[in-house]
Amino acid sequence: MPCTVKVRVIEARNLPVMDRSSDLTDAYVELRFLDSVKKTEIRRKTLNPIWNEDFRFEVPQDSQLQDHPIKLKVYDHDVVSADDVIGTIHVDLNCLLNKSGGQIAGWFPIFDTLRGIRGDLNIVVKVELFGDVNEFREASTGVQFIASSKPELFHEIVESQGLVAYIVVKSDPEYHWMDNFRASRISNEERQLLLYNLSGKLRRHIGKKAIEMGGNTVLGYNQYFDLEGENGIVARGYGTCCTTKDIREGGINTEDASPLVPKKIASLNIPHSGSLENMSTILSTPEIKDNMMNSSNFPVKLLTLNNFEIEDVERFGGIVIARSVKYLSHAKSSSAKGGKKLRNEWWQEIREEIRTHARFFGCDTVIGYHEMFTMDCDKEICVLTAVGTAAMMSSKYSGPIFNDQTSTATREEKIKRKAQECSNHFCHIPHKHRKPPYNMKLTLCNICKKKYVPQVLITSIEPPNGISVTGKGCLLEARICREKKKFQGEMNAIAVSEGLPFMEYNLHRQLMYKLRIMGMNAAFRLKMQIAIGESLIVAIATATAFFIPALPSPRTLQINRSLDVVDEEDKQLLAIQNRIVYLSRQNQLQLANASTVQYSQQSQSTTLSTTPGNETIQPALTPEDQTIVPEDEELKSSSEGDPNRSFIVEVDDSMDEDIMAVLLEPPIPHGFSFCNTETLPGGNPVKSNGQMITAIRRVEWQTSTKRMNQQFSSIFHNLYSTILFKVRALAPCCLCSLTVDIHLPRDDQLEITLNAMVVLESEETAAEEERNASVASTPASSSGLFSEEELQFSMEMVQQKKSLNLHRMAGLIELLEQDSRSNPRGVELTPMTFIPGTHLLKYIGRINMHLIKESFTVKEQGGLGNFTHVFVNEVHAVVRSHVAALGGNALLSYRVDESTIVENASKNQCYCLLSISGDVALVFSDRSHEHISDQLEEMSLNESIQ
Amino acid sequence: MELSRSADKDDATNVAASPRRPDIQQQYHMQSKNESKVKEDMRRISNDLEDSWKASSYANQQLKITQWKKEKLKLDVFVTSPILIDQWLFESWLAGNTAKQAATQRRAAFNNTTFDVNVISNSITRETYDQFRNFELVERYLQHPDLLDSQSLIVIEEPVFKELVKRYYAISNDIIRGLAGRKLKNRNRSSLDEACERLRIPLTVARRQFDNLKRIYTVITEKKREGKIEGKLGEAIQKTFLLPPRLAERYARNVFLCYHQIETDDKRLRFLQARDLEFFASVMMNRWTKEGSQLEIDLTFKEDLRDLRTYLLGDKNHLESFKGLVMESMRRDQVEEWKLSKLADRFVVIAKVLLNIGAGMLKSKEFEDIFEDIEEKVTDALIKMGMIEKDITRFFSSLSGQPFEAILHRLTIQTRHKQRFLSTWPKFVSALMELVLHFYSAQQAAVAGSTQSQNMSSSQGLSSTASTAPETIRRQQGSTNVLEKLSK
């Protein structure tokens, strides 16, 4: 589809002084799109030049627009020497391609890779698309990319086709032979541009795949850059292809969305090639491979979505993980094309393995699926990881039933029927309890006392909307540090792959122990991170734990110590040990007294789901239920316990001791809470967003000590306590959507990158009342887009399909849009998919920002810390102004796709790369919503008068 | 069975280690039968949580048992969006502390709170470093607050930002006194060291004040050249630098003094405080300038005064008869006769001085010395005659009132000119009266504050002699208070 891009360069402000003699600047702008270059006039001797010049690029293929950004470079004209660069702006046009007539207008910070932000440039970019529907086109405009799991306002998922993924490999300009002598500014800029190209290409190809599959939206979209050094940059993108429809129109948006049978993306049996070692485990079931018993080979869908309604979940199978260690040197010699093929195969293998695991659970869907890539510090070997949750879902996610031929009922009916039988049906095991796929303990469901449930439930998704929760959830984090022998080359790969299962086992064990100490029986949003050093492997697993009434209450922890107490240190360890046992009991007590509430995410899909009435409400535990648990406890301790009921940790040697010692987490101060889910299950009601925090910490540690695990944990404890101290002014608050990245830049250095949203909570007492109220009445509507009546009102509007009403609604949205548009400083950045106290109006598009900053005078700029601090702030400034220029006022699902900080202290040099992505959205606050609904009423009044 | 029993034994051996444990343990065994006990236990737990900052010392204990040294931070960055500013640390930063010093002070400040300093010590240091980085980031916009709207680097609420600006531009009287009327050249900036040492003010603070004044001066004179100043000078500063009105007004007055480089450093003027000088500036700015160009004395006003001098000094008789008229009017006002006789001797000289001051405003060289002239040739002269406040008032009011009209009547000039002088002269004299009266009271206060007025006044300002002793500073500070009260 040919199209025209019009760029108007209006003015610049606050340019730096480039000419020392006059303290002024002679600026001009160079516009570059692909090979065509245009220039503005030179505005002499001013720091605030005004151009008001128009430019036009004619682009024969809109696919080019998807792949390449427009690059505007501001120069200072010099008569004698070459013109000096002031800075650059990249404008990614992807957000404009979904509809014709869109524009990007506003002030953009002029960013230089050596000097940072130097003034702003005011530009307007418009794209005009010609209507030309070509079957064989290269572009994939029209497909919406959203990082969160929820479609736009007034849209709902009709069908999800499954995983779409693509890989692009390009050689890295930093490793180009020319890099030895060209200026660092040039190679930095080239790298930035390449990252823009890569993210554009990824989206185009994934969009194309999505169209082929019959979808119109890619939800849960993720993009990563693996900087493999001399192998080049591998850009990976994956998401879930979905068909969404506008519930106002009742039709499907794209013209070519036909009810296709979902195409399988993966061919099933790809032979191993190029890989040296392929290792896999399923968490908690290392023996699963031997246990091959399920012969059926039904297709399994991989969905990257994380947020669901409880009605959509039929059964949870369990967490599925596949890992694979690859030796990168094999990939070295191959060309970029070969590299791409190779990596495609690697990922296909992993995905296939995940599918196999899911089949063992008897599940045909994997939800909360995500893929990770870890490289060791020499960039020699890498570990590919895929994690997901096997589940059985309603047909809009899973499609028609494959494995259950006997039942003719649709999935929805089945779920409904089950919901009537037991409100916590999703906890029930998906297979027959007499022949579980592997050896596991099952107990009867606490709610219906008929079906079997597992001891604990661990998933990689957000807690589904409507799940009942007892007490308050909390962050659960397991951290393992493991030594590895130093090897080179393939031997190293073998060493890693042999070490991984032990690490996995220990990680899991720690997770389970901690869960028990907390007295919880469910963990959601499990995320894992591993980092490989020369002689170390470290791993963390993060999740949010809480208590589900249907599952059995966890057994208390007991520690058996066969070691003698010799010295002072042992005594202290013993004290820790006793404290752990004590805490474990206390927590259980506390939970026994907590009330059950229905968890609900703030989401428009909750309230806009078609039938608000069908949500079955889980009644709070009756008083008898509440006392059952402690009585059990009493029984057990009086009868001196049956070993099955209490959970025993054996401490036989110093390694066990080390692992035991880290089971105790320091208490979190009053008024704070942590979770890596978007809202804390059972937490206080949230008021509004506080601060988004980003912390980067690099710690030097001792690698020779025996107490590696304790040291590792204490680094985290210190980080958390420092962060809490820094945000103490915001208490009571909750650190939501906590993501932690670990990285080993060197063996004796650990780097932690943490990102979280501090969400302000209302005061405890008020919270208590509110909670009581919500338990008594309607829990689900406590935090929805519209209040109950309004909801019905808007539902009515939808159902009756009054064109008049819709028209009015559209008008209102426009009104709101004008209302909400603001300056860049009003733009909120958040890693969550919503902003408390506001409502999502629409997704404008997804942006990717790739920025590099390098300095050769780090000490003069206040050291690496100061340099990074400024850079992160600058990146946020650039991101905010892009959001504002697109007409949004928030960036949701803020994510750091790639961050690299390299320091060369002896040369006084450092290099930072940050790649950030997120969904540009327009949100409106409750206050302006009231304002608008007043207008709505007024309008309807006027109409009725007429 | 065996297993759990042995675990219990372990508990028993360790009761001594943690004193709080036995009762809780007992309760733990009893509670399940008694619900109220459970509740009590719950309360205990929540109390535990409440004390949790202290409890997190537990983490530290855990640290102690391990063998490694304190972890070494290679890099620690903490960025919030929007930006968080800690007022306490900001104040410390403004006072010229380094991050290290600030952290030490902060730890001391936390000593009396519920926080356990040993536990949060590290956190305090980290926070201080983060905050100082933030301040450095914000500083550019504090220096140019008008850029706040056009930048996207810092997200900050305007009231918060204004508060920061206010503190950043805070004036300390001693420093500004030394800068008043000076050329804001870098040479003067480096000469601040001496004054700082004497006044025990950190050099960075003095430098910031110098830079602030200079920046405002530069921006304002630039604007004046472009003719962009509308309304009062203070309002212009208030708008450009987002300063509170009072502070902006103070800067406006000091800019005025610096613009005309009015001499304030003379020996005779050293007793004047910053507030006094600002008062003089405000009188001149409000009375003798036009709105919109408050930086310059009105040109026609100055020309009128020049012409008036020419006419009045043209004939010796004019001043003599003016003297007679003034005397008569003052006698009517019941000024004591002995004062009048002294005045009669000196009247012509004083009148000439006044006329010269007026006419001299046309020449910037002469205008620079206006304070000296008023102090030495007018105020001192009047005081020597034994005049006190009300006498001075009467003298000036008779100078501008009826007697002046009468003498003007006698001049053989066009009525057009007479009209000019009729409005100009009283405007000049009445403002001058305010100045002289203020000089008078300032001098009185200075004398009251110190018996050795000579010695005292020499310790004023930046250019004081090296002989200044600490006592005189203290004494001088005492007089400062009096003066400040007066100037208010």
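Side-chain contact between A:Glu874 and B:Leu153: present, with at least one pair of heavy atoms (C-beta onward) separated by less than 4.5 Å. Within the 4.5 Å cutoff, the side chain of B:Gln151 has no heavy atoms near those of the A:Ile117 side chain. Contact of the B:Leu73 side chain with the A:Arg697 side chain is registered, since non-hydrogen atoms from C-beta on lie closer than 4.5 Å. Side-chain contact check for B:Phe78 versus A:Val727: some heavy-atom pair is nearer than 4.5 Å. The shortest side-chain heavy-atom distance between B:Val79 and A:His876 falls under the 4.5 Å cut-off. Counting heavy atoms from C-beta on, the side chains of A:Ile696 and B:Leu75 come closer than 4.5 Å.
In the model, A:His869 has a side-chain atom that pairs as donor or acceptor with a side-chain atom of B:Asn134 under 3.5 Å. A donor-acceptor contact closer than 3.5 angstrom links the side chains of A:Asn866 and B:Glu136.
Only the side chain of A:Gln749 comes within contact range of chain B, judged by heavy atoms closer than 4.5 Å. Both the backbone and the side chain of A:Leu864 come within contact range of chain B, each with at least one heavy atom under 4.5 Å from a heavy atom of that chain. Proximity to chain A is limited to the side chain of B:Leu137, based on heavy atoms less than 4.5 angstrom apart. Interface remark: B:Asp130 contributes backbone and side-chain atoms alike to the contact with chain A (heavy atom separation under 4.5 Å). Both the backbone and the side chain of A:Asn873 come within contact range of chain B, judged by heavy atoms closer than 4.5 Å. Both the backbone and the side chain of B:Ile124 come within contact range of chain A, with heavy atoms under 4.5 Å apart. With a 4.5 angstrom heavy-atom cutoff, A:Leu754 does not touch chain B via any of its atoms.
Within 6.0 Å of CD on B:Glu157 lie no more than 12 heavy atoms contributed by other residues, nucleotides or ligands. Within a 6.0 Å radius of NZ in B:Lys214, other residues, nucleotides and ligands contribute more than 12 heavy atoms.
Judged by distance alone, the side chain of A:Arg13 and the main-chain N or O of B:Ser150 form a donor-acceptor pair under 3.5 Å. Between the side chain of B:Arg133 and the backbone N or O of A:Val870 there is no donor-acceptor pair closer than 3.5 Å. When atom types are taken as modelled, the side chain of A:Gln691 and the backbone of B:Ser81 share no donor-acceptor pair closer than 3.5 angstrom.
The heavy-atom pair separating A:Gly690 from B:Pro82 by the smallest distance is O-CD, 3.9 Å.
If you take OG on B:Ser123 and CD1 on A:Ile723, they are separated by 10.0 Å, rounding to the nearest 0.5 Å. For the atom pair A:Ile752 CD1 and B:Asp76 CG, the distance stands at 10.0 Å (nearest 0.5 Å).
Of the listed residues (A:Ala729, A:Gly865, A:Gly119, A:Ala905), the greatest number of heavy-atom pairs within a distance under 4.5 Å of chain B belongs to A:Gly865. For chain B, the option among A:Glu903, A:Lys726, A:Glu751 with the highest count of heavy-atom pairs below 4.5 Å is A:Lys726.
Ion pairing between a basic and an acidic side chain is recognised when a charged N comes within 4.0 Å of a carboxylate O; A:Glu700 and B:Lys74 show such pairing.
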